[in-house]
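Numbering starts at 1 and runs along the sequence shown. We use all heavy atoms of the structure for the numbers below, so side chains are in, but hydrogens, waters and symmetry mates are not. Computed from a prediction, not measured in an experiment: that's the story for all the values here.
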Amino acid sequence: MAQYNPRQGNTLGVEAMFSQIMEAVRKSQLEISELRQETLELRQANASLERQVKEGLHTNGSGSRIATGFNTPVPGSPNLRAKSPFLTPASIPALAVPPSIHVPSPLGDNSLISFPFSNREIPGFYVVIPAGGAGTRLWPLSREGHPKFLLDLTLKGRSLIQATWDRLLPLSSASRTAIVAGPAHVKGITEQLPDLLAHNLLTEPSAKDSLAAIGLAAAVLAHRDPEAIIGSFAADHMISGDDAFLAAVAEAVEVAKQGYLVTIGIAPSHPSTGFGYVRLGEKLGMPNAPNARLVSSFKEKPDARTAAAYIKTGNYRWNAGMFVTKAAFLMDLLKEYKPDMHDGLQKIAAAWDDERLREKVLGEVWPELEKIAIDNAVAEPAALDRRVAVVPATFGWDDVGDFSSLADLIPAESNQPRILGNSNLVLTEQVAGGIVIPGSGRLVSLLGVDDLIVVDMPDTLLVTTRARSQEVKRLVKKCKEQGWKHLL
């Protein structure tokens with residue numbers, strides 16, 4: 001009779017376990033391959049839609065082309081196109097207000113959604129545009145004194161904050177559009193937005209993250225109009241598909257009226273590790289907001305595997321940091337989750353329209369306010385209490401968070417780098433991918449290098465690879481440490 005050999009049994013067990021592991025790896029690789037193909041198809045479809053939107057035309061069944069009626073204004077003549085992403089007041093074309101025509105757009109689960117007003121303006125709706133941050137991942141193009149929202153990153157003659165203003169102005173008018181910014185950026189903002197009313201420029205003494213900025217606007221606007229509904233939209237994001245965007249905002253306003261903090265969830269085009277995610281919950285079943293759902297939970301920036309898993313479920317959207325709510329309701333949430341912040345902002349709001357008293361109260365209260373994001377402080381705990389909703393949307397969106405994402409937004413010839421600026425100052429031979437920004441006036445020459453990021457400014461030259469574009473902020477930190485702060 002054969003005897004049992006413990007060593008042999010152990011060897012067989014290890015081999016079986018190894019076979020199971022290899023089979024699991026093989027299945028994972030197949031799933032990842034399928035997901036990559038699905039993502040590629042989605043990105044191609046999105047790129048095609050974005051091209052149509054940028055052209056401002058759609059084609060009907062007869063083959064004729066129809067204007068959408070609302071796109072971010074683009075200068076009508078090539079002579080107005082900027083040679084540099086830096087805008088000066090003299091180079092900014094006059095503000096163009098789009099016509100009050102609405103074309104329904106596909107959104108979420110419903111093939112069409114109508115705009116619920118006779119024109120674009122939404123009664124009682126106030127736009128809030130937080131304009132903060134230095135855009136350290138876009139250094140040295142973006143600087144502390146001239147951040148990315150003041151730059152024309154598409155070379156269409158309008159900066160990011162101007163494009164945001166153009167996009168949102170029809171919903172609220174200049175009288176109900178407020179901007180929250182730091183003292184260093186007030187001059188640049190007022191030069192670029194001459195129609196901004198002085199009392200709607202809310203200057204925060206120092207950066208305190210998104211909760212203090214949005215909370216300040218909510219407190220001041222609630223003090224002026226207790227029934228105000230506010231929508232917060234970052235100054236430095238790029239959006240394509242304005243009709244779908246406007247429809248999503250209008251739907252979010254309807255949900256906000258029912259006592260919710262509402263975010264707009266962006267359909268992910270790829271498993272990004274650079275964005276947070278929103279998990280969709282149950283439908284709210286509102287007639288005027290058929291796509292609205294509860295937010296099941298907010299997810300922090302995931303790793304690549306987790307992001308891919310999120311997209312595969314179909315139940316996740318990118319969190320773009322857009323919030324729509326009653327100003328008074330946001331203050332109620334602050335009172336519950338961040339009472340010290342609530343009390344401080346209420347004191348500031350009560351004194352805001354008295355300039356002398358405002359400065360005194362700001363000096364006493366603002367330094368003590370907590371520096372925290374609205375997502376962590378309010379949205380996440382409120383979602384657990386079923387008080388946060390999401391409107392899934394179909395428009396194109398990008399936060400232009402680094403040079404790699406910027407490169408995706410700039411057209412280029414096949415197997416050529418993207419060029420932001422005067423293409424006559426860039427000479428290439430056997431170069432593919434990447435982005436070149438000739439900002440110094442010198443000739444930039446590249447030979448046999450792919451996917452490089454070259455930012456040539458008068459005082460600074462940055463060269464890195466596209467794969468490491470997220471790490472540019474490490475150089476910014478090093479500049480501070482080694483005495484080059486004046487270049488930031």
Could you check whether any side-chain heavy atom of [X] comes within less than 4.5 Å of a side-chain heavy atom of [Y], counting everything from C-beta outward?
X	Y	result
Glu204	Val180	yes
Leu334	Val378	yes
Arg358	Val220	no
Tyr277	Trp318	yes
Thr325	Tyr260	no
Met331	Lys335	no
Met286	Val255	yes
Leu141	Leu420	yes

Residue pair [X] / [Y]: nearest heavy atoms and the distance that separates them:
X	Y	result
Arg317	Pro392	NE-CB, 3.9 Å
Phe329	Gly259	CZ-O, 3.5 Å
Ser175	Asn200	O-ND2, 3.2 Å
Phe125	Val324	CE1-CG1, 4.2 Å
Ser440	Asp456	OG-OD2, 2.6 Å
Ala235	Thr164	O-OG1, 3.3 Å

Between Trp484 and Thr460, is the side-chain contact (heavy atoms from CB on, under 4.5 Å) condition met? List the steps.
CA-CA 11 Å; Trp484 294 99; Thr460 312; over 6 Å; no

Atom pair [atom1] ([X]) and [atom2] ([Y]), whose distance is rounded to the nearest 0.5 Å:
X	Y	atom1	atom2	value
Ile214	Ile230	CD1	CD1	7.5 Å
Ile374	Leu330	CD1	CG	5.0 Å
Leu216	Leu211	CG	CG	11.0 Å
Lys301	Thr273	NZ	OG1	8.5 Å
Phe245	Arg167	CZ	CZ	6.0 Å
Ile179	Ile129	CD1	CD1	4.5 Å

Please confirm whether the backbone N or O of [Y] pairs with a side-chain atom of [X], one donor and one acceptor, at under 3.5 Å?
X	Y	value
Lys208	Leu369	yes
Lys148	Val400	yes
Arg418	Ile410	yes
Asn315	Arg279	no
Arg143	Leu487	yes
Asp152	Lys156	yes
Gln192	Ile161	no
Thr136	Lys473	no
Thr190	Lys187	yes

Without hydrogens or angle criteria, can the side chains of Ser405 and Asp402 be said to hold a donor-acceptor pair below 3.5 Å?
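Distance-only check passes for Ser405 and Asp402.
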
Could you verify whether a donor N or O on one side chain and an acceptor N or O on the other, from Glu300 and Asn376, lie under 3.5 Å apart?
yes

For Glu355, does the CD atom have more than 12 heavy-atom neighbours from other residues, nucleotides or ligands under 6.0 Å away?
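Counting other residues, nucleotides and ligands, CD of Glu355 stays at 12 neighbours or fewer.
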
Glu227 CD: over 12 foreign heavy atoms closer than 6.0 Å
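At most 12 heavy atoms, drawn from other residues, nucleotides or ligands, come within 6.0 Å of this atom.
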
Taking only residues two or more places apart in sequence, or in another chain, which ones meet Arg176 in a salt bridge (charged side-chain N to carboxylate O under 4.0 Å, His left out)?
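Checked Arg176 against salt bridge (charged side-chain N to carboxylate O under 4.0 Å, His left out); matches are Glu121.
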
Can you name the one residue among Leu284, Thr263, Val262, Val253 that meets side-chain contact (heavy atoms from CB on, under 4.5 Å) with Val391?
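With Val391 as partner, side-chain contact (heavy atoms from CB on, under 4.5 Å) holds for just one option, Val262.
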
Looking at [Y] and [X], is there a salt bridge between them, counting it only when a charged N and a carboxylate O are closer than 4.0 Å?
X	Y	value
Asp332	Lys326	no
Arg137	Asp399	no
Glu254	Lys257	yes

Determine whether Thr177 and Trp165 satisfy the following criterion, side-chain hydrogen bond (donor to acceptor under 3.5 Å, both in side chains), listing intermediate values before the conclusion.
CA-CA 8 Å; Thr177 301; Trp165 173 276; over 6 Å; no

Output, in order, the C-alpha distance, side-chain angles, deciding distance and verdict of side-chain contact (heavy atoms from CB on, under 4.5 Å) for Leu475 and Leu462.
CA-CA 10 Å; Leu475 286 178; Leu462 169 70; 3.5 Å; yes

Pair Trp352, His223 - check side-chain contact (heavy atoms from CB on, under 4.5 Å), show working.
CA-CA 9 Å; Trp352 190 265; His223 190 75; over 6 Å; no

In sequence, state the C-alpha distance, the side-chain angles, and the governing distance for Leu221 and Val128, and then conclude on side-chain contact (heavy atoms from CB on, under 4.5 Å).
CA-CA 10 Å; Leu221 294 175; Val128 175; 3.8 Å; yes

